[in-house]
**Q** 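Here it is, the structure, as structure tokens.
Computed from a predicted structure; not experimentally measured. Residue numbers start from 1 in every chain, and the chains themselves are labelled A, B, ... in the order their sequence lines are given, proteins ahead of strands.
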Number of protein chains: 2
Amino acid sequence: MSVDPTAPLLPRDAVPLFAALGDSTRLSLLSRLQDGQPHAIVELTQGSGLTRQAVTKHLRVLERARLVISQREGRETRYVFDATGLNEARSYLEMASLQWDRAIDRLRLFVED
Amino acid sequence: MSVDPTAPLLPRDAVPLFAALGDSTRLSLLSRLQDGQPHAIVELTQGSGLTRQAVTKHLRVLERARLVISQREGRETRYVFDATGLNEARSYLEMASLQWDRAIDRLRLFVED
DNA sequence: TTTATATGCAACCATAAGGTTGCATATTGT
DNA sequence: ACAATATGCAACCTTATGGTTGCATATAAA
């Protein structure tokens with residue numbers, strides 16, 4: 001009953017992933033987490049122009065999309081970048097791109113008759 | 001005043017792109033357009049379980065994200081897949097992935113002292 | 001043991017998003 | 001000319017979504 005890590009991402013799972021990426025606040029949170037270091041919520045709130053609770057909500061959206069991981073450390077919750085979601089999104093788009101290339105090839109063959 | 005086609009996608013432009021991909025209806029519309037053929041709105045409405053107007057709105061979102069192109073042909077509007085948006089999204093994620101790899105390398109070096 | 005920090009939870013708000021219905025209009029088919 | 005198609009536009013509805021404030025609670029610092 002485990003999940004095949006090499007299985008292609010279903011459109012159904014891609015939706016929340018792309019939706020998570022489709023927000024400027026979350027995109028900038030992700031870029032701040034790209035250093036690979038754990039960041040506490042208060043820290044991520046700094047300079048965001050938002051309240052801590054708003055940032056918390058965004059981080060949870062990112063976590064459900066497997067773009068970040070949260071870990072409680074004492075009184076603070078640290079968030080770390082997680083490449084899982086990023087790789088899933090990448091492979092989904094690569095698949096789409098391949099399909100597109102094949103479609104183009106078929107069209108070309110069809111025209112060349 | 002023209003746009004450099006090789007310029008990296010700004011996060012600002014990536015947001016509407018990912019947001020466009022973050023909806024199941026639009027994702028399935030895109031897959032139907034992957035055959036490279038122009039499809040009229042009525043046709044795309046078939047089997048969507050939605051009204052023509054709803055589908056029209058989705059198609060316009062996709063068009064603003066440069067994922068499809070519309071062309072009026074007589075009394076019907078045909079939509080065709082456009083790889084521009086797809087490639088922009090791909091390159092954005094590839095960039096992010098590269099940055100992540102570099103961050104990991106730095107962390108590894110730091111740890112190995 | 002106070003006091004200050006860092007969060008979680010819940011209620012609430014305004015606006016954006018996804019959908020629908022109704023009506024007008026330009027093309028195509030009879 | 002007349003009927004049938006394929007759309008566009010606009011108004012309206014409902015529900016997410018992005019944000020906020022207020023309050024309770026656990027942990028760290030004085």
**Q** Need the bend value for the helix from C/dT1-D/dA30 to C/dT30-D/dA1: angle between end axes, 5 pairs each end, nearest 10°.
**A**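 Inter-axis angle at the termini of the helix from C/dT1-D/dA30 to C/dT30-D/dA1: 30°.
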
**Q** Taking B/R26 for the side chain and B/L62 for the main chain, is one N or O donor matched with an acceptor at less than 3.5 Å?
**A**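 No, because the side chain of B/R26 does not come within donor-acceptor range (under 3.5 Å) of the backbone of B/L62.
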
**Q** Quick one: does B/R52's side chain have a donor or acceptor within less than 3.5 Å of a partner on B/T45's backbone?
**A**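 No, the answer is negative, given that no donor and acceptor are paired below the 3.5 Å cut-off.
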
**Q** Do A/L29 and A/V42 sit in the same hydrophobic cluster, where Ile, Leu, Val, Met, Phe, Trp and Tyr count as joined when their side-chain heavy atoms come under 4.5 Å apart?
**A** no

**Q** Whole Å only: how far is the CD atom of B/Q71 from the P atom of D/dA6?
**A**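 B/Q71 atom CD is separated from D/dA6 atom P by 17 Å.
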
**Q** Assess the residue pair B/L33 and B/L44 against the criterion (side chain to side chain contact (heavy atoms under 4.5 Å, CB included)); give the C-alpha distance rounded to whole Å, side-chain angles, the decisive distance to 0.1 Å, and a yes or no.
**A** CA-CA 9 Å; B/L33 289 169; B/L44 292 170; 4.2 Å; yes

**Q** Looking at A/S24, does any N or O in its side chain come under 4.0 Å of the phosphate oxygens OP1/OP2 on D/dG18?
**A** no

**Q** Kindly indicate whether the side chain of A/L21, heavy atoms from C-beta on, has any atom under 4.5 Å from the side chain of A/L30.
**A** yes

**Q** Only pairs at least two apart or in different chains count here, so list each side-chain hydrogen bond (donor to acceptor under 3.5 Å, both in side chains) that has a residue in residues 95-106 of chain B.
**A** A/R90-B/S97

**Q** Measure CG/A/L29 against P/D/dG19 and give the value in whole Å, please.
**A** 10 Å

**Q** Check the phosphate of D/dT17 against A/H58, side-chain N and O only, distance under 4.0 Å to OP1 or OP2. Yes or no?
**A**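 Result: no.
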
**Q** Heavy atoms under 4.0 Å is the rule here; annotate nucleotides 7-16 of chain C 5' to 3' with B where the base is hit, S where only the sugar-phosphate is, and - elsewhere.
**A** BBB-------

**Q** D/dT20 phosphate, OP1 or OP2: any side-chain N/O from A/T51 under 4.0 angstrom?
**A**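 Yes, such a contact exists.
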
**Q** In whole angstrom, what separates A/D23's CG from C/dA17's C1'?
**A** 14 Å

**Q** On a heavy-atom basis, which atom in A/R78 and which in A/P38 lie closest, and how many Å separate them?
**A**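 A/R78 and A/P38 have their closest heavy atoms at CB-CB, 3.8 Å.
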
**Q** How far does CG of A/L93 sit from CG of B/N87, to the nearest 0.5 angstrom?
**A**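 One finds 9.5 Å between CG of A/L93 and CG of B/N87.
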
**Q** Check every atom of C/dG18, D/dT21, C/dG19 against the side chain of B/R26 and return the nucleotide holding the closest atom.
**A** C/dG18

